[in-house]
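Here is the naming used below: chain letters follow the sequence lines, and residue numbers restart at 1 for every chain. Keep in mind that what you see is a predicted model, and the values were worked out from it rather than measured.
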Amino acid sequence: MMREPTAFEQRVYDLLNRIPKGKVVTYKEMAHALDCGSAQAIGQALKRNPYAPEVPCHRVIKTDGNIGGYSGETGGAKLRKKLKLLASEGVKFDSGGSLVSQDVVYRFSDES
DNA sequence: CGCAGATGGCTAG
DNA sequence: CTAGCCATCTGCG
């Protein structure tokens, strides 16, 4: 299995790295930021996440403001601890894994 | 509200 | 070029 990050994946990870501390992005946002329009592709790149600890995949949430499958089964109970850690940065999530403050949802497009 | 199907784009060989 | 994949999204009853 060639786990080498491809152009698209690198773009996704780069975007995650662009996310300021205490902020999260929705799959749709990333998709749009990548000019693709497909969150599915994002999920794939994140799931593969060769940069696991370097890429804040936990900062990527669904359009509903949910963590997604990361805290569901793809991640792990330990992730719950991370959510709390994120809360320290400003990204507060619910015990279920839903974003509490949509206010932390970051936007790639800088439009005022 | 809840479920199911459809969708779009990505990866690999 | 083809096939399979995905942590999604959207619509409908």
Side-chain angles (χ1 to χ4, degrees):
Chain A
M1 313 164 193
M2 279 94 209
R3 291 277 162 273
E4 286 170 55
T6 52
F8 183 77
E9 286 186 41
Q10 282 187 27
R11 213 148 303 179
V12 180
Y13 310 136
D14 185 64
L15 265 138
L16 282 167
N17 269 289
R18 276 176 209 210
I19 303 176
K21 160 192 117 151
K23 296 246 153 158
V24 285
V25 229
T26 63
Y27 282 86
K28 268 270 173 97
E29 268 300 317
M30 290 187 82
H32 196 246
L34 295 171
D35 205 67
C36 286
S38 47
Q40 291 89 340
I42 312 298
Q44 247 191 35
L46 286 171
K47 185 218 170 179
R48 299 203 150 185
N49 198 351
Y51 294 78
E54 301 202 48
V55 177
C57 15
H58 42 255
R59 271 191 197 165
V60 185
I61 59 172
K62 287 180 60 177
T63 319
D64 298 276
N66 238 89
I67 283 283
Y70 202 84
S71 57
E73 25 192 300
T74 319
K78 286 188 176 176
L79 180 68
R80 236 178 67 135
K81 218 166 89 177
K82 217 147 201 178
L83 262 73
K84 225 177 146 186
L85 191 72
L86 280 165
S88 268
E89 299 195 34
V91 189
K92 301 167 195 172
F93 286 97
D94 188 89
S95 321
S98 33
L99 187 61
V100 176
S101 291
Q102 285 188 306
D103 178 277
V104 298
V105 181
Y106 174 67
R107 215 166 171 133
F108 291 108
S109 279
D110 234 284
E111 49 177 277
S112 315

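For the atom pair A/Y106 OH and A/R18 CZ, the distance stands at 8.5 Å (nearest 0.5 Å). To the nearest 0.5 Å, the span separating OG on A/S88 from CG on A/L83 amounts to 11.5 Å. With rounding to the nearest 0.5 Å, the separation of NZ in A/K28 from CG in A/D64 is 10.0 Å. Rounding to the nearest 0.5 Å gives a distance of 10.5 Å between CG of A/L34 and CD of A/E29.
Atom-to-atom, NZ of A/K47 to C1' of B/dC10 comes out at 13 Å; the value is rounded to the nearest Å. A/I42 has its CD1 atom 10 Å from the C1' atom of B/dC10, to the nearest Å. Between A/Q40 atom CD and C/dT8 atom C1' the separation is 4 Å, expressed in whole Å. The separation between A/E9 atom CD and C/dA7 atom C1' is 14 Å, rounded to whole Å. Rounded to an integer number of Å, the gap from A/R59 CZ to C/dA7 C1' is 18 Å. Distance A/K82 NZ to C/dA7 P: 19 Å, rounded to the nearest Å. In this structure, A/F8 places its CZ atom 5 Å from P of B/dC10, rounding to the nearest Å. Rounding to whole angstrom units, CD of residue A/E4 and P of B/dA12 are separated by 8 Å.
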Subject >> A/R59 and A/E89: CA distance, side-chain angles, deciding distance, salt bridge (charged side-chain N to carboxylate O under 4.0 Å, His left out) verdict >> reply: CA-CA 11 Å; A/R59 271 191 197 165; A/E89 299 195 34; 3.1 Å; yes
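Remark: A/K82 NZ is loosely packed, at most 12 non-hydrogen atoms of other residues, nucleotides or ligands lying under 6.0 Å away.
The strand DNA chain B forms stems, runs of 3 or more Watson-Crick or G-U wobble pairs with distances below 3.5 Å, at B:1-6 with C:8-13, B:8-13 with C:1-6.
In this pair, A/Y13 and A/Y51 present their aromatic rings tilted. The plane angle is within the 30 to 60° band.
Within the 4.5 Å cutoff, the side chain of A/N66 has no heavy atoms near those of the A/L99 side chain.
Under the 4.0 Å criterion applied to side-chain N and carboxylate O atoms, A/K47 and A/E9 are not assigned as salt-bridge partners.
Look at the P atom in both C/dC12 and B/dG8: the space between them is 16 Å, to the nearest Å.
When each of C/dA7, B/dA12, C/dC5 is scored by its nearest atom to the side-chain atoms of A/C57, the top-ranked nucleotide is C/dA7.
Scanning residues 11-39 of chain A for heavy-atom distances under 4.0 Å to DNA chain C yields A/Y27, A/K28, A/A39.
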